[in-house]
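Here is how names work: the chains are called A, B, and so on, in the same order as the sequence lines, proteins then strands, and each is numbered from 1. These numbers come from the heavy atoms of this one structure, side chains and all, not from hydrogens, waters or symmetry mates.
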Amino acid sequence: MKKLPTGIASVLLLAGSFGLLARPQSPANGSSPHSSTAKKSLDVKEGERRFQENCGRCHTPPVAISPREAKAVVQHMRVRASLSKEDAELILHFLTP
Amino acid sequence: MRLRSKRLSRWRAVLLVSLCVAARAAAQSNVPIISGAAAFVGTDNQGIPFFQPILSPVLVVPLGDRWVIESRGLIQGVYLRENGRSGPYQGRFAATLDYAQVDYLANPHLTVTVGRFLTPFDIYNERFTALWIRNLQDPPIIYTIGTRTSASSNGGMLRGVALVQPNFNLTYAAYFSVLQTTENLQAGRAAGGRLGMFVPHQGVEAGISYQRFLQNQNYNAWGTYFSWQPPPVPLDVRAEYAHSPGGQGYWLEGAMHFAGSRGSTSWIGRLQGVARVQQFFAGNTFDPQNLLPRVDVNRFDLGLNYYLPHDIRVNGSYGRQYSSLGNGNIWNVQVTYRFLFPAWPGEHK
């Protein structure tokens, strides 16, 4: 079996190390539960903006989506569209207001 | 022998029940979904008519907050005349697996993927091959650069958002793939990656891709891409350039909704016009397996997409191709239906 060239192996290793060592985002960036309705409303509005900026580049939102389905959809798109954690959480707020 | 067979059957039954119970438990808060699209395409390619019924289902099974199993298949029929332009229509169906992968969301910056996945080279393969999302039915001429053997890779991938800033995100993907020759699951032995920058407020994304093909003859393919959506205008501009020993080329596509915002439900707001130009310059080495033309090709396409209610889209396009092997017209008409439903019933809210 052939070995991977050193350059490519280095790129893979570097990418992995970068991801593993990267500092996680602050939980204040939208991941904490919001009790106030105003804050939730702001999150939904911000979520809509993030949806247009990220998802809207390729497609429109689905016609009807339940909260349970939305969570699966957002996890799927977080991988496929390389969404940041914050974007994914705000888009989930928008899809399940 | 019979005892061993009985034990195996028992183990299979236990495994099946365990999987059902685990999936059911996971579904209480996070239901698996079946999504995708079905389409019927009618084409006339330089006087040769053919029809393609296509079904492309996507299965997504989230397991908690960090694990996702996802898969997309393609069941496609092709019906064409016995003698090309004359004779009765004959058809056959084929099924392929585009991806079947397990993702682990290790942290906000890293997702580890194992299995069969779409090769991340430029943006067309990962983003615009979905039936519902592509603006024009035909893929670009340079599509096979960086994505051979089958546009899918079998192996491992690291990807994510490396850097999140208020004004831009840096994304990356790095992968390796092993040789697989099983029918409908083919993959080439290759390694590569992609690095991209996204400026959300300006709607601009640009990036570079690289692939080292490590099979038969080793060679490099590289590419670059650009997309732009000016925020106040319902306009999409996308472009790619790719280079390999088999040739190089680019495509540039613009798509615009004629009125209102993207979510407009007026009859004119549902209409989208598309235009694409592309040029391909053949390389010195010709390899029939990379599916690239052996001569230079220029092509333009014009299309109209109409988004009906209930996730149905009707579109038609006209293309003109110029090459030293002959010029020709390509017509496409397509009806597409997008669907999304939970894998099993449950509480809707």
Checklist entry - In terms of heavy-atom proximity below 4.5 Å to chain A, should B:Arg66 be classed as side chain, backbone, both, or neither? => result backbone
Checklist entry - In terms of heavy-atom pairs under 4.5 Å with chain A, which of B:Glu126, B:Arg338, B:Arg127 leads? => result B:Arg338
Checklist entry - Any idea which heavy atoms bring B:Glu70 and A:Val79 closest together, and the distance? => result OE2-CG1, 3.7 Å
Checklist entry - Side chain, backbone, both or neither: which part of B:Phe128 has an atom under 4.5 Å from a heavy atom of chain A? => result side chain
Item to check | B:Val161 to A:Ser82 - nearest heavy-atom pair and separation | outcome: CG2-O, 3.1 Å
Checklist entry - Is chain A contacted by the side chain of B:Trp67, its backbone, both, or neither, given a heavy-atom distance below 4.5 Å? => result backbone
Next on the checklist: Does any backbone or side-chain atom of B:Asp311 lie under 4.5 Å from a heavy atom of chain A? Answer side chain, backbone, both or neither.
Outcome noted: both
Checklist entry - How many angstroms lie between NE2 in A:His76 and CG in B:Asp103, if you round to the nearest 0.5 Å? => result 9.5 Å
Next on the checklist: Taking side chain as everything from C-beta outward and backbone as N, CA, C, O, which of these in B:His310 sits under 4.5 Å from a heavy atom of chain A? Side chain, backbone, both or neither.
Outcome noted: backbone
Item to check | Sub-4.5 Å side-chain heavy-atom contact between B:Val31 and A:Glu69 | outcome: yes
Checklist outcome for this item: Closest heavy-atom pair, B:Asn107 versus A:Arg78, reported as atoms and distance to 0.1 Å, is O-NH2, 3.8 Å
Checklist entry - So what's closer than 4.5 Å to chain A heavy atoms on B:Ser227: side chain, backbone, both or neither? => result side chain
Checklist outcome for this item: Separation between CD1 (B:Ile33) and CD1 (A:Ile65), nearest 0.5 Å, reads 7.0 Å
Item to check | Pair B:Asp65 + A:Lys71, salt bridge at N-O below 4.0 Å | outcome: yes
Item to check | Which portion of B:Arg238 sits near chain A, non-hydrogen atoms under 4.5 angstrom | outcome: side chain
Next on the checklist: Is it the case that atom CE in B:Met256 sees more than 12 heavy atoms from other parts of the structure closer than 6.0 Å?
Outcome noted: yes
Next on the checklist: Looking at B:Phe117, I'd like to know if the NZ or CZ of A:Arg80 sits under 6.0 Å from its six-membered ring centre while staying within 45 degrees of the ring's axis.
Outcome noted: no
Item to check | chain A contact via B:Val58 - which portion, at a heavy-atom distance below 4.5 Å | outcome: side chain
Next on the checklist: Please check: side-chain N/O of A:Glu53 versus main-chain N/O of B:Gln202, any donor-acceptor pairing under 3.5 Å?
Outcome noted: no
Next on the checklist: What's the separation between atom CG in B:Asn169 and atom CG in A:Asn54, rounded to the nearest 0.5 Å?
Outcome noted: 7.5 Å
Checklist outcome for this item: Whatever's closer than 4.5 Å to a heavy atom in chain A on B:Leu195 counts as neither
Next on the checklist: Just verifying a value: how many Å separate A:Ser84 OG and B:Leu163 CG, rounded to the nearest 0.5 Å?
Outcome noted: 11.0 Å
Item to check | Interface moiety of B:Tyr99 toward chain A, non-hydrogen atoms closer than 4.5 Å | outcome: side chain
Next on the checklist: What I'd like to find out is whether the side chain of A:Gln75 reaches to under 4.5 Å of the side chain of B:Val60, using heavy atoms alone.
Outcome noted: no
Item to check | A:Arg50 versus chain B, the contacting section by heavy-atom distance below 4.5 Å | outcome: neither
